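When reading the values below, keep in mind they use all heavy atoms of this one structure, side chains included, and skip hydrogens, waters and symmetry mates. Fair warning: this is a prediction, and the values are worked out from it, not measured in the lab.
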Amino acid sequence: QVRLVESGGGLVQPGGSLRLSCVGSRFDLENVDIGWFRQGPGKEREGLSYIDRSNRRTYYAESVQGRFTISRDNAKNTFYLEMNNLRPEDTAVYYCATSAQENTYYSWRSPGLYELWGQGTAVTVAS
């Protein structure tokens, strides 16, 4: 069964950090691009970050620029989102997703670009 599974969410105080993981099961992630998204209460899904299959192109939404870092470890078939200096407005369900399409990095913010999605992991930032 082909799956993409996020983990690492939880409750964290403002200013704290979390590291989210996204693990591919029964398929090779070496040939896909990765996007991280989130959806907060009453909000639309927001594209947060992107990393391409060559591990060279990365993009970040303004809301997380300078605070979040995307990375990948192909040997572990795992992708990460390191989140620092978390704010209450970062509270959301976070999703990772993969895209096998090439030369579409210019549309990285669009959920429709991605074929496979994880189940989501909840992040709550509160004191």
Side chain to side chain, [X] and [Y], heavy atoms closer than 4.5 Å:
X      : Y      : value
Met83  : Tyr94  : yes
Ser49  : Thr58  : no
Asp90  : Arg38  : yes
Glu102 : Arg53  : yes
Ile34  : Phe79  : yes
Ser99  : Glu115 : yes

Atom [atom1] in [X], atom [atom2] in [Y]: separation rounded to 0.5 Å?
X     : Y      : atom1 : atom2 : value
Leu48 : Trp108 : CG    : CH2   : 7.0 Å
Ile51 : Asp33  : CD1   : CG    : 9.5 Å
Ile70 : Leu20  : CD1   : CG    : 10.5 Å
Arg3  : Leu116 : CZ    : CG    : 10.5 Å
Ser17 : Asn85  : OG    : CG    : 6.5 Å

Criterion side chain to side chain contact (heavy atoms under 4.5 Å, CB included) on Tyr59 and Arg57, from CA distance to verdict: CA-CA 7 Å; Tyr59 301 103; Arg57 289 190 182 92; 3.6 Å; yes

Do the side chains of Leu113 and Tyr105 join up, straight or via other hydrophobic residues, at under 4.5 Å, putting them in one cluster?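 Same cluster: Leu113 reaches Tyr105 through Ile, Leu, Val, Met, Phe, Trp or Tyr contacts under 4.5 Å.
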
Is there a path of hydrophobic side-chain contacts, each under 4.5 Å between heavy atoms of I, L, V, M, F, W or Y residues, that connects Val2 with Val32?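 Yes; Val32 is reachable from Val2 via cluster members.
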
List the atom of [X], the atom of [Y], and the distance in Å for their closest heavy-atom pair.
X      : Y     : value
Cys96  : Glu6  : N-OE2, 2.7 Å
Val123 : Gly9  : CG2-CA, 4.0 Å
Gly47  : Ala61 : O-CB, 3.3 Å

Give me the one residue out of Tyr114, Tyr95, Tyr50 that meets ring pair (Phe, Tyr, Trp, His ring centres under 6.0 Å) with Phe37.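 Of the listed options, the one satisfying the test is Tyr114.
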
Indicate whether any N or O donor in one side chain lies under 3.5 Å from an N or O acceptor in the other, for Arg72 and Asn74.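 On atom types as modelled, these side chains qualify, holding a pair under 3.5 Å.
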
Aromatic ring proximity Phe68/Trp36, centre distance under 6.0 Å: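 Not under 6.0 Å, so no.
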
Is it true that a side-chain atom of Asp73 and a backbone atom of Thr78 form a donor plus acceptor pair closer than 3.5 Å?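 Not at all, since once roles are kept as given, no pair shorter than 3.5 Å links the two residues.
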
Quickly, which of Thr124, Leu18, Val125 forms a side-chain contact (heavy atoms from CB on, under 4.5 Å) with Leu11? Name it, please.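 Looking at Thr124, Leu18, Val125, the match for Leu11 under the side-chain contact (heavy atoms from CB on, under 4.5 Å) is Thr124.
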
